[in-house]
Peer 1: 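Pasting a structure here, questions to come.
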Amino acid sequence: MSKELDKAYEPKKVESRIYEMWEKSGFFQPEADRSWADNPNKKKTYTIVIPPPNITGSLHMGHVLNATIQDILIRKKRMEGYQALWVPGTDHAGIATQNAVEKDLKKQGLSRYDIGREEFLNRVWQWKEKYGNQILEQLKKIGASCDWSRLRFTMDNAYQLEVEKAFFHYYKKGWIYRGEKVVNWCSRCQTSLSDLELEYKKETAKLYFIKYPLENGSLPSGEACFITVATTRPETMLGDSAVAIHPSDVRYKNLIGQCAILPLTDRKIPIISDRRVEAEFGTGAVKVTPAHSIIDSEIGQGHNLEFFKIIGEHGKMLPLAGKAYTGLSIADCRTKVVEDLEKQNLIEKIEDYEHNIAHCYRCGSVVENLPSLQWFLKMDELAKMAIKAVKSGKVKFHPSRWEKIYLDWLKNIKDWCISRQIWWGHKIPIEGVEDVLDTWFSSALWPFAIFENKKDLKKFYPTNTLVTARDIINFWVARMVFSGLEFMKKAPFHDVLIHATILTSEGKRMSKSLGTGLDPMNFIEQYGADATRFALIWQTMGTQDVHWSVDALVAGKKFLNKIWNASRFVLQQTENSKSEYRNPKQIQNSKFKIPKPKTQADKEILKKLKEITKNTSKNIDNFEFSQALHDLYDFFWHDFCDCYLESSKAQMANADLKENTQKILIYVLSNSLKLLHPFIPHVTEEIWSKMSFFAKALKDKSTMLIIEKWPTQ
RNA sequence: GCGCGAUUAGCUCAGUGGCAGAGCGUUCCCUUGACAUGGGAAAGGCCACAGGUUCAAUCCCUGUAUCGCGCACCA
């Protein structure tokens, strides 16, 4: 026979049909009825909230790995009888989405200012309708068993209320304040940025050594009459308020308290000492520009220096820079300042210098420092809470080394600039303010803000496991922890699983702009979702980054075919059997007896099955997914197919052994399918349904593998 | 500057204080009734380098090199 199963496994014929079947069954919802009784975990919940992808893009390889891991965890818990809930959703992603829509507008020759705030926001919502769900459809394609009835978006009405509540909660505590501080400013996005939103890129620049004349004309030695400072930003000298040196720097000891004449201006600026100056850098004397450098602003505050804001929000020089420079771009101003200094012979030398320049993480423009009126959230108490949660073990990182990234950031944290001067986002709920909140302010509330009704909140919060990528440990994980502690009095999750990053086969970062990105949808199209899941998990051993290789996909495809054909064999061999073991009702019955071995081969395979059952559970619980999959692969391919299936052929020719062998075949296959199901759900469900077909029980959805009882021995 | 990770077969990676492993690739044999997307066999490794601990080190310790990644500085 083989009219029921094709000779080769063809995912395209199967996957979308199976997914629809699951969706219709309602089994993605934790409330769904289970067919089997005496479930010890019936009252327990197991919850995962998805890291909500941005509404700007489509899934990349990292998303697929991320989702596959969550799906493995959820599917196993579901089969163990838990009320397993995986909440899906998307993030409005303030700057990122706004930029995407602006780019779209630009094609029509428009800017957001041309159409105004209201119309612009309309367009963003239209964008969200159009593209926002694309990524969710892709999640379905890979088999993610999310509860779609609980789909959330960070700008849902109910969610907006939670954000407002959170804002006022902090506000009333006095933890949110408004102030003029020197912040990171992206002059393209026209908004402030937090420290985390900066990306540093190495660049070769010029280091200019500029001579500042001393007020009294000469050093006590009577030789030089300048103090030389080194800078890569000569144009910012127009906003200098001081020259600073390290207090213990003997070279300049006598100059402290004196003044220098700031060239190109008519200002006298004091020479001060400050421990933050590094004596080894440049000449050891540094120009202090309080308005355009964060560290200088701290020095400036400490010494009561004047702040000259000479660079504006659009990256143009302001009047305080002086008449000759007003209106120039930063680059033009630099050229002119250098020329003017050279005319006066005030440039001592120019050296090449390699350093890091801050760029906007969303648009890539160079970030300026400038004083700006912004909202801040006090971080000292919140950071303490978040540190304690990890140190006390209430929140656990896997692998634990990521704790350090988290703790180091929190230990040295500054107040969080939470206002952004963009239009798309949660408006700051204070009269007369046009700013919106940093997108991460709302993401930080995700694990509880998604539960709109109190019953759900009580039942599913705190969640169990957070599965995410390392680059948002501080952006997101840390902020969720303190938000959860502050608003819910409980950390939002217990385990934080930081998974591998998927790199190209050369070990390069996958990136659209570099053209090194691979679209996982192409793999799913060509090899199927199960093979893609297999390939990702197969390669993600330990927590090392993965050098993506198509070989693993091929291996996955072959393995699926192997399972398919082994199943075909077992079904053929048991087609006319009267064994109760063919009946899924029996298979799923917890009282289902383990067949008795009659031969050495029987004994071997049953022993191996017992081992693999134990190990698979253990490995999944320890987040060792790849190990679990490798072991299952070995077991199924070598122990079951190469050894037992071959032995079974002879055994079935023996009338005394035939029926018992059939029982064992069915037993081992059905347990294998269960163990494999979290990893490769479609093919296993499809085969399972064929087994049901032989028992003429297809119509009963309670026989679906997705809710089968997870094997325990 | 500080820290983290890696270095094992041609490639991608597991692994263990006591004969070195997988997938893919390569070579040879097998068109046997689940599967040629298969089966059987084989070749291929000074486990980065140098010291140390040990009866024994690829594994533990110290150092070096190379690659990758964070953080800080980035005047």
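Order of the sequence lines fixes the chain letters, A, B, ..., with proteins taken first and strands second; residue numbering starts at 1 for each chain.
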Peer 1: Taking any strand in view, what nucleotide pairs with U37(B) in a Watson-Crick or G-U wobble way, both distances under 3.5 Å?
Peer 2: none

Peer 1: Can you tell me the Watson-Crick or wobble partner of U32(B), both distances under 3.5 angstrom?
Peer 2: none

Peer 1: Distance between the C1' atoms of G17(B) and A41(B), in whole angstroms?
Peer 2: 33 Å

Peer 1: With C1' as the reference atom in both, quote the distance from G23(B) to G44(B) in angstrom, rounded to an integer.
Peer 2: 16 Å

Peer 1: Looking at the base of C35(B), is there any donor atom on it, or on the side chain of Lys562(A), that sits under 3.5 Å from an acceptor on the other one?
Peer 2: yes

Peer 1: Could you state the CZ-C1' distance from Arg568(A) to A36(B), rounded to the nearest angstrom?
Peer 2: 13 Å

Peer 1: Picking from G40(B), U12(B), A72(B), which would you name as closest to the side chain of Gln539(A)?
Peer 2: U12(B)

Peer 1: For nucleotides 22-24 of chain B, which of its nitrogen or oxygen atoms have a protein nitrogen or oxygen under 3.5 Å away, and what is each distance?
Peer 2:
residue : atom : partner   : partner atom : Å
C24(B)  : O2'  : Asp551(A) : OD1          : 3.2
C24(B)  : O2'  : Asp551(A) : OD2          : 3.0

Peer 1: Send over the distance from Phe559(A) CZ to A36(B) C1', rounded to a whole Å.
Peer 2: 18 Å

Peer 1: So which of Ile563(A), Asp642(A), Leu632(A) actually passes side-chain contact (heavy atoms from CB on, under 4.5 Å) with Trp637(A)?
Peer 2: Asp642(A)

Peer 1: Nearest whole Å is fine: how far is A75(B) P from Glu354(A) CD?
Peer 2: 14 Å

Peer 1: I'd like to check Thr236(A) versus Thr289(A) (side-chain heavy atoms, cut-off strictly below 4.5 Å). Are they in contact?
Peer 2: yes

Peer 1: In whole Å, what is the span from the CG atom of Asn561(A) to the C1' atom of G38(B)?
Peer 2: 9 Å

Peer 1: Tell me the interatomic distance from His246(A), atom NE2, to C73(B), atom P, rounded to whole angstroms.
Peer 2: 16 Å

Peer 1: I want to verify a distance call: between A34(B), C4(B), A72(B), whose nearest atom is closest to the Arg401(A) side chain?
Peer 2: C4(B)

Peer 1: With a 4.0 Å heavy-atom cut-off, tell me which residues in residues 646-655 of chain A come close to RNA chain B, sorted by residue number.
Peer 2: Glu646(A), Lys649(A)

Peer 1: Select from Val570(A) and Ile295(A) the residue whose nearest nucleotide in RNA chain B is closer to the 5' end of that strand.
Peer 2: Val570(A)

Peer 1: Considering only atom C1', compute the distance from A56(B) to U16(B) and round it to an integer number of Å.
Peer 2: 14 Å

Peer 1: Closest-nucleotide mapping onto RNA chain B: is Tyr353(A) or Ala8(A) further toward the 5' terminus? I mean the 5' end.
Peer 2: Ala8(A)

Peer 1: Which part of the nucleic acid does Ala566(A) contact within heavy-atom distance under 4.0 Å: base, sugar-phosphate only, or nothing?
Peer 2: base

Peer 1: Under 3.5 Å, is there an N or O donor on one side and an acceptor on the other linking the side chain of Tyr200(A) and the base of C74(B)?
Peer 2: yes

Peer 1: Between P on U32(B) and CG on Leu645(A), what's the gap in Å once rounded to a whole number?
Peer 2: 17 Å

Peer 1: With Lys557(A) as the cation and Tyr9(A) as the aromatic partner, state whether NZ or CZ is under 6.0 Å from the six-membered ring centre and within 45° of the axis.
Peer 2: no

Peer 1: Hunt down the Watson-Crick or G-U wobble partner of A50(B), both distances under 3.5 Å, from any strand shown, or write none.
Peer 2: U62(B)

Peer 1: Whole-Å distance between C4(B) C1' and Ile498(A) CD1?
Peer 2: 14 Å

Peer 1: What I want to find out is whether Lys649(A) reaches Glu646(A) closely enough, with some N-O distance under 4.0 Å, to be called a salt bridge.
Peer 2: yes

Peer 1: Please classify the glycosidic conformation of C19(B) as syn (within 90° of 0) or anti (everything else).
Peer 2: syn

Peer 1: Can you check the Arg233(A) CZ to C73(B) P distance for me, whole Å?
Peer 2: 16 Å

